[in-house]
Amino acid sequence: MLRGLFGLTAKTLVAMLCLLALTGSIRPTQLETIQARGELVMVTRNSPTTYYQDRSGDVGYEYELAKAFANNLGVELRVVVADSLTEVFTLLDSNQAAFAAAGLTITAERQRWVRFAEPYMYVTEQVVYRRGRGKPSSIADLAAGNLVVSAGSSHAQRLRQIQREQEPALTWRETDDLGVTDLLHLVEADQVDYTIVDSNEFDLLQAYFPNLAVAFELVSPQPIAWAFPHSRDDSLHKAANDFFAQHPTQVRLAWLAERYYGHLESLDYVGAIHFLNQADRKLHKYQEHFKKAADKHEFDWRLLAAVGYQESHWRANARSFTGVRGLMMLTRTTAKELGVRNRLDPLQSIEGGSRYLAQLRKRLKGVNEPDRTWMALAAYNVGYGHLSDARKIAREMGGNPNSWMDVKEALPLLTQKRYYRHTRHGYARGHEPVEYVQNIRRYYDVLVWNDQQPQTVTTDEQMLSLLTKEVPPLL
Ligand code: GLU
């Protein structure tokens, strides 16, 4: 028998050489291993901008994006939740996850330890302070106050750089144990003067902290990307970049931006303060009515409460000059159709309004949630006919009439003659339903958040004790 290299049979040698020629290596690549196992493991953080659970299960911008990547590879996604940013990198380093999707900023320091994929979002790093406590306007002002940031964050790295290059007197504390929400809470509670958070995080959380504001931005917009361990095998990293280069991924990114951040500008400071006050003072009066209607018509009661606030600020005897009335602002005709005898009776108004909204939602067959509910709300505001016109315009413009993101673009066009002259129902004040839906989503988010606050809260003192490391000034 012919014996070749290291005594291998000719046949085995040929097979190995073929494999080598085909794959470039005898060992399967990381991507091949993941595909053979059928599972992709990601590490993330539990936060409103990354990953959390709500009544529909696992959600979050990073989670949904990673899930799309896993689908793209034809495998299941498994999520490992790290307790802190520091742990994200430890888990990655010890190969307990194939990649990290955790709102990570690309920094030069991190690039020494990990390899980033193409960025999919840009954020600024914002210095947040409490209104009325003197707005810092520069780094030098920060040196005079008490500043806390997440340990291991890009913010901490930035401060180090600033301390080295610009402001040696700067000091701050870092914590591994507090999340972004906790940090904001400490500023709101006057326990610390400033913190630094990413703009997307602050956008999302600002409504819950109306007393906080952005003082200034530390740097120009920074790229956020997924991180992969450095290794010679870059098959997964390459697959991720291929994924980001695909058109459907770009569409998904736009959809995710709409889903998570699309409704955020609608609540300003005064609006947020007023809403929280009113929720405190009035909501308890109507809560049971909302809950009853929600059970009956299969809504989350907090969504109905949000509609009630948007309609009348929870005033049972509200009336507009156009003749709509009551807490849910029903027109005379709609009330009649719904069998509501007294529109000023809050119970009847809430039940009638909720039934009407459920009817509208039912008519929107073929539209998936949550878009279906947003469209039903738009129809509640502007009328089903106008909504249908806008969906038609969306389709004609190459959009998807079942996607709220596209219909929301089309609705305002109903104010322009060149669009509405071809529609069935004509002109409509199309900007209004868009704003209407955004407001309701915002109110709804706040009510859900309020509800989720634990009964036994950690005291501010307990939280403060978690701020361990103090970074001293450079001498
Ligand atoms: N993008 C920031 C980072 O990468 C997130 C910081 C934070 O959420 O605390 O460090």
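Each ligand, and each atom within it, is numbered from 1 in the order the structure gives. Model, not experiment: these values are computed from the prediction.
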Answer yes if the side chains of Q310 and N439 hold a donor-acceptor pair under 3.5 Å, and no otherwise. yes
Is it true that R133 and D190 have a side-chain N and a carboxylate O under 4.0 angstrom from each other? yes
Give me each pair satisfying salt bridge (Lys or Arg N to Asp or Glu O under 4.0 Å) with a member in residues 77-86, each pair once, sequence neighbours excluded. E39-R78
What does the N/O contact table under 3.5 Å look like for ligand 1?
from     : atom 1 : to   : atom 2 : distance (Å)
ligand 1 : 1 (N)  : G103 : O      : 2.8
ligand 1 : 1 (N)  : T105 : OG1    : 2.7
ligand 1 : 1 (N)  : D198 : OD2    : 2.5
ligand 1 : 4 (O)  : T105 : N      : 2.9
ligand 1 : 4 (O)  : T105 : OG1    : 3.4
ligand 1 : 4 (O)  : R110 : NH1    : 2.7
ligand 1 : 4 (O)  : R110 : NH2    : 3.3
ligand 1 : 8 (O)  : R45  : NH1    : 3.1
ligand 1 : 8 (O)  : R45  : NH2    : 3.3
ligand 1 : 8 (O)  : E201 : OE1    : 3.3
ligand 1 : 8 (O)  : E201 : OE2    : 2.6
ligand 1 : 9 (O)  : S150 : OG     : 3.1
ligand 1 : 10 (O) : R110 : NH2    : 2.9
ligand 1 : 10 (O) : S154 : N      : 2.7
ligand 1 : 10 (O) : S154 : OG     : 3.2

Regarding T105 and Q222, do their side chains bring together a donor and an acceptor under 3.5 Å, going by distance alone? no
As a quick check of understanding, evaluate ring-ring contact (aromatic ring centres under 6.0 Å, His included) for F275 and W314, giving each step before the final call. CA-CA 10 Å; F275 178 71; W314 297 317; 5.7 Å; yes
Distance alone, cut at 3.5 Å: any donor-acceptor contact between the side chains of D233 and S231? no
